[in-house]
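Just follow the structure's listing: the first ligand is 1, and inside any ligand the first atom is 1. In this chain, residues are counted from 1 in sequence order.
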Amino acid sequence: MIVRGKSTSDDRLIDICIEGDHVAAVADAQPGKPPALGGEAWHVAPGLFDIQVNGFAGHDYNAPPFGDASVQAIVDALLALGVTQHLPTVVTGSHRRMLASVRAVVSARQERRIAQALPGLHLEGPYISPADGPRGAHPVKHVRPPDWDEFQQFQEAAEGLIRLVTLSPEWDGAAAFIAKLVAAGIVVALGHTNMTAEQMQAAVDAGARLSTHLGNGSHATLDRHNNYFFQQLAEDRLWASLIVDGHHLPPALTKIIARAKGAERLVLVSDAVAAANGRRSSAGMPPGVHQFGDLRVEVSETKRVSLPGTPYLAGSALDLPSGIENVIRFAGVSLTDAIDMATRNPWELLSGPEHGRGLVPGAPADLVLFKWHDEHKQLELTHTIAAGEVVFAAAR
Ligand SMILES: [Zn+2]
């Protein structure tokens with residue numbers, strides 16, 4: 001199958017030849033040969049990768065027991081948004097509950113297509129800050145100090161699939177714990193933290209590489225000069241993931257973070273929760289108060305997701321194509337850079353520069369075709385291809 005579009009990396013019109021589940025060749029478009037999909041009016045990019053998804057379309061990775069059908073429903077809903085891979089994110093809870101979430105994801109991965117869509121797991125907590133504000137919506141009674149034995153039980157249940165751990169380095173022994181995770185090939189992110197500058201430096205020296213949803217999971221008020229937000233902003237060894245939904249970060253702050261970090265160190269995430277349903281879908285959660293597992297959340301008309309009666313956000317109802325549009329609008333980055341923030345950057349964060357993905361021969365044939373409306377900065381997704389199969393085509 002030949003797929004044609006302008007490459008988001010260099011605007012060149014290319015033909016991507018797909019054989020089976022992989023990209024066989026990429027070449028300049030041949031005008032005489034009509035493609036199976038796409039054409040001059042399209043852009044083509046790798047399938048998007050979201051490293052932080054708590055749930056979607058009414059299904060929740062943190063409310064076990066959930067069956068394979070729930071995992072499939074999340075995968076399918078995200079494929080319809082161009083997200084060909086994501087990391088199910090297991091957040092702070094009891095040991096038993098977190099283990100059950102991990103096991104349910106691993107069980108669903110027996111299906112080949114689900115395994116391809118879920119290359120790993122993100123553990124966000126329980127080793128985070130107990131402080132109100134930094135802790136965000138994570139339940140305080142389940143926050144605890146780093147525990148290597150417990151982590152190993154999670155990783156064993158995950159069959160080695162935990163790839164990313166978000167923690168706070170404010171606990172005694174955190175730097176040594178981080179060093180062990182890094183030695184085991186796991187990417188360590190700092191987040192939901194009340195850390196000091198010294199604790200942050202020790203964590204980064206031990207190998208921590210990312211700030212999870214920088215600018216969120218924070219006190220409402222910070223010292224104007226000395227605070228963990230500025231410290232992370234200034235630490236060049238830390239990449240940052242961002243929730244660019246217009247609620248978690250105001251436009252000006254999004255721009256400041258993008259300028260400080262540089263496009264090559266930013267990762268767009270949705271941090272989507274079960275209340276999220278995608279921008280053009282009528283399925284999912286209407287505005288109002290909803291119960292998901294242990295958590296009650298309120299969804300506003302503008303898709304702001306918060307803890308009822310508090311100023312604290314509880315995940316998002318964002319989808320990554322909207323995140324791409326927003327980071328272009330708010331921070332003035334290019335389409336190329338914005339796509340990289342949802343493809344190349346997260347692959348590189350997790351797998352290094354030799355990740356083997358993208359629009360290159362031999363890579364998995366995960367890609368999206370879309371039309372880009374520059375005057376409105378709108379991304380109109382038309383097709384998603386996962387492992388060489390067309391898994392989503394927009395209604396015409
Ligand atoms: Zn969080």
Side-chain angles (χ1 to χ4, degrees), residues 50-56 60-63 86-93 97-98 101 120-144 146 154 162-171 187-195 200 203 208-220 222 228-229 232 238-249 253-254 257 266-276 292-299 303-307 310-320 323 346 349:
D50 190 341
I51 62 172
Q52 190 160 0
V53 175
N54 308 283
F56 209 83
D60 191 342
Y61 284 130
N62 290 289
H86 71 271
L87 298 187
T89 300
V90 176
V91 303
T92 303
R97 201 281 294 158
M98 293 180 73
S101 287
L121 282 159
H122 178 174
L123 204 64
E124 190 194 25
Y127 317 125
I128 57 167
S129 176
D132 285 348
R135 199 183 68 251
H138 293 239
V140 66
K141 70 174 176 182
H142 294 307
V143 170
R144 45 201 186 263
F154 290 147
I162 297 173
R163 306 274 305 274
L164 176 61
V165 173
T166 295
L167 53 73
S168 171
E170 70 199 70
W171 298 98
V187 175
V188 175
L190 309 181
H192 292 284
T193 180
N194 190 25
M195 65 189 166
M200 185 193 79
R209 294 180 51 210
L210 177 75
S211 296
T212 284
H213 51 52
L214 185 58
N216 298 112
S218 163
H219 293 95
L222 295 173
Y228 46 73
F229 172 63
Q232 291 177 87
L238 285 175
W239 294 26
S241 70
L242 300 181
I243 309 165
V244 192
D245 63 352
H247 297 300
H248 282 76
L249 298 169
L253 188 54
T254 307
I257 296 173
L266 291 182
V267 175
L268 297 179
V269 295
S270 67
D271 199 11
V273 295
F292 295 111
D294 298 342
L295 199 64
R296 264 164 73 80
V297 301
E298 185 166 4
V299 181
K303 295 192 171 183
R304 183 179 186 275
V305 184
S306 60
L307 297 182
T310 79
Y312 300 123
L313 298 175
S316 89
L318 179 69
D319 57 81
L320 272 197
L349 176 73

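His138 and His192 have their aromatic ring centers within a separation under 6.0 angstrom.
Side-chain atoms of Asp50 and Ser270 form a donor-acceptor pair, as typed in the model, at a separation below 3.5 Å.
Rounding to 10°, one obtains 100° for the angle at the Zn ion (ligand 1) between NE2 (His213) and NE2 (His192).
Among the backbone and side-chain atoms of His138, none of the N, O or S atoms lies under 2.8 Å from the Zn ion (ligand 1). One of the N, O or S atoms belonging to Glu124 lies under 2.8 Å away from the Zn ion (ligand 1).
Using a distance-only test at 3.5 Å, with no hydrogens or angles considered, a donor-acceptor pair links the side chain of Thr89 to the main chain of Leu87.
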Using the side-chain hydrogen bond (donor to acceptor under 3.5 Å, both in side chains) rule, take Asp271 and Asn54 through it: C-alpha gap first, then chi angles, then the decisive distance, then the call. CA-CA 6 Å; Asp271 199 11; Asn54 308 283; 2.7 Å; yes
